[in-house]
Amino acid sequence: MFERWLEALREVSRAREEEARRLVEELCGRALVVALFGSRARGDYTPLSDWDLLAIVERGDYRVEHRGVGQVVWLPLDKLDEVLGWSMVVLDAVADGKPLCGDLSIFEEVKRRVFRYVEERGLTRTRSGWLPRGV
C-alpha cells in the first residue's frame, strides 16, 4: 500500500514539474529576467512544494499572479523603488533568486538596488520577515 502512495506522489511530482517547466518557458518569452525563489531556490523544498517565480519586466503593474504550480511575482523595473516601500516579497525574491533565463545584468542591477534599500533602512531578514536590525 505504501508503495502505491509513493508512486502516486512521484506521478504528481512529475506532472507538476512539467507544468512548472512550461510556465518558465512562457515567462522567459515575456520577461526580461525570470528567477526562481523560495524553497526551491533555497533547496529546502519537498516534492509538493510550489514554484515561486519572479518575472522582471520593463514596465507595467506590480502584481502577484497565482498559477497552478505556484506564484509569479511581476516586478516592473520602472516601479522598483515604489514597490520596495511596501512589498517584502520582492526582498525575499531577490535575496533567494536564482535566475533561470534572461539578461543576468538586469537581475544583478535589481539585486544591487534591493540590497542598497535593505542597507539604507537597516533591515535584516528573520523568520518573521524583514525587520530593522536589533528588533
Side-chain angles (χ1 to χ4, degrees):
M1 179 69 162
F2 183 69
E3 188 58 40
R4 286 177 42 198
W5 281 106
L6 282 177
E7 185 51 39
L9 177 61
R10 285 187 205 103
E11 190 174 310
V12 167
S13 183
R14 279 191 298 271
R16 288 174 48 93
E17 286 175 12
E18 179 58 26
E19 188 177 345
R21 187 193 60 71
R22 284 192 304 270
L23 175 58
V24 167
E25 219 172 79
E26 173 195 332
L27 295 175
C28 287
R30 297 172 58 192
L32 300 170
V33 181
V34 175
L36 178 70
F37 71 99
S39 64
R40 287 192 178 269
R42 289 189 309 268
D44 58 353
Y45 62 94
T46 71
L48 297 178
S49 292
D50 64 352
W51 277 261
D52 298 309
L53 299 165
L54 175 67
I56 300 173
V57 293
E58 195 168 331
R59 292 183 172 71
D61 293 322
Y62 170 85
R63 67 185 191 278
V64 178
E65 185 178 282
H66 295 280
R67 295 287 194 102
V69 293
Q71 68 177 340
V72 178
V73 176
W74 292 91
L75 177 62
L77 285 176
D78 67 332
K79 294 187 179 131
L80 176 59
D81 294 331
E82 173 189 333
V83 169
L84 286 173
W86 49 266
S87 175
M88 297 294 110
V89 172
V90 171
L91 301 182
D92 288 335
V94 172
D96 293 342
K98 305 282 187 241
L100 301 174
C101 64
D103 187 336
L104 297 182
S105 67
I106 291 173
F107 185 76
E108 289 303 317
E109 173 62 18
V110 168
K111 193 178 210 175
R112 187 185 62 71
R113 289 171 61 187
V114 167
F115 287 151
R116 184 177 63 220
Y117 174 88
V118 165
E119 185 62 33
E120 287 172 354
R121 280 148 188 85
L123 301 176
T124 190
R125 192 176 192 184
T126 71
R127 294 185 129 194
S128 301
W130 293 85
L131 300 172
R133 285 186 193 95
V135 172

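Positions are given from 1, in the same order as the sequence printed here.
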Trainee: Quick one: salt bridge (charged side-chain N to carboxylate O under 4.0 Å, His left out) pairs with a partner in residues 34-53, sequence neighbours left out?
Mentor: Arg42-Asp44, Arg42-Asp96

Trainee: For Ile56 and Ala31, work out which heavy atoms get closest and say how close.
Mentor: O-CB, 3.5 Å

Trainee: Side-chain contact, heavy-atom cut-off 4.5 Å: Leu80 with Tyr62?
Mentor: no

Trainee: In chain order, what residues pass the side-chain hydrogen bond (donor to acceptor under 3.5 Å, both in side chains) check against Glu19, with sequence neighbours excluded?
Mentor: none

Trainee: Sequence neighbours left out, what passes side-chain contact (heavy atoms from CB on, under 4.5 Å) with Thr124? Give chain and number order.
Mentor: Thr126, Arg133

Trainee: What pairs with Glu120 under salt bridge (charged side-chain N to carboxylate O under 4.0 Å, His left out), at least two apart in sequence or on another chain?
Mentor: Arg116

Trainee: Do Val83 and Val64 sit in the same hydrophobic cluster, where Ile, Leu, Val, Met, Phe, Trp and Tyr count as joined when their side-chain heavy atoms come under 4.5 Å apart?
Mentor: yes

Trainee: Please round to the nearest 0.5 Å and tell me the distance separating atom CD of Gln71 and atom CG of Leu54.
Mentor: 10.0 Å

Trainee: Going by the side-chain hydrogen bond (donor to acceptor under 3.5 Å, both in side chains) test, which pairs reach into residues 98-107, not counting sequence neighbours?
Mentor: Asp103-Ser105

Trainee: With Leu32, which residues qualify under side-chain contact (heavy atoms from CB on, under 4.5 Å), at least two apart?
Mentor: Glu58, Leu77, Ile106

Trainee: With heavy-atom distances below 4.5 Å as the criterion, would you say the side chains of Arg22 and Glu18 are in contact?
Mentor: yes

Trainee: Considering residues, nucleotides and ligands other than Trp5, do more than 12 of their heavy atoms fall under 6.0 Å from its CH2?
Mentor: no

Trainee: Residues two or more places apart in sequence or in another chain: which of them pass side-chain contact (heavy atoms from CB on, under 4.5 Å) with Glu7?
Mentor: Arg10, Arg14

Trainee: How would you list all residue pairs meeting salt bridge (charged side-chain N to carboxylate O under 4.0 Å, His left out) that involve residues 65-74, not counting sequence neighbours?
Mentor: Glu26-Arg67, Arg63-Glu65, Glu65-Arg67

Trainee: Which pair of non-hydrogen atoms, one from Gly60 and one from Pro76, has the smallest distance, and what is that distance?
Mentor: O-CG, 3.4 Å

Trainee: Run through Leu84, Val114, Val90 and flag the one making a side chain to side chain contact (heavy atoms under 4.5 Å, CB included) with Leu75.
Mentor: Val90

Trainee: Can you give me the closest heavy-atom contact between Gly85 and Tyr117, atom names plus distance?
Mentor: CA-OH, 3.7 Å

Trainee: Tell me which pairs pass disulfide (SG to SG under 2.5 Å) where either residue lies in residues 74-135, with sequence neighbours left out.
Mentor: Cys28-Cys101

Trainee: Just grab all the salt bridge (charged side-chain N to carboxylate O under 4.0 Å, His left out) pairs involving residues 74-90, residues at least two apart or on different chains.
Mentor: Asp61-Lys79, Asp81-Arg113

Trainee: Are Phe37 and Leu48 connected in the hydrophobic side-chain network, where two residues link if heavy atoms are under 4.5 Å apart?
Mentor: no

Trainee: Under a 4.0 Å threshold between the charged nitrogen and the carboxylate oxygen, would Glu108 count as salt-bridged to Arg112?
Mentor: no

Trainee: Other members of the hydrophobic cluster containing Leu53, with the 4.5 Å side-chain heavy-atom rule, please.
Mentor: Leu23, Val24, Leu27, Val34, Leu36, Trp51, Val57, Val69, Val72, Trp74, Leu100

Trainee: Does Ala95 have any side-chain contact (heavy atoms from CB on, under 4.5 Å) partners at least two apart in sequence or in another chain, and if so, which?
Mentor: Phe115, Arg125, Trp130

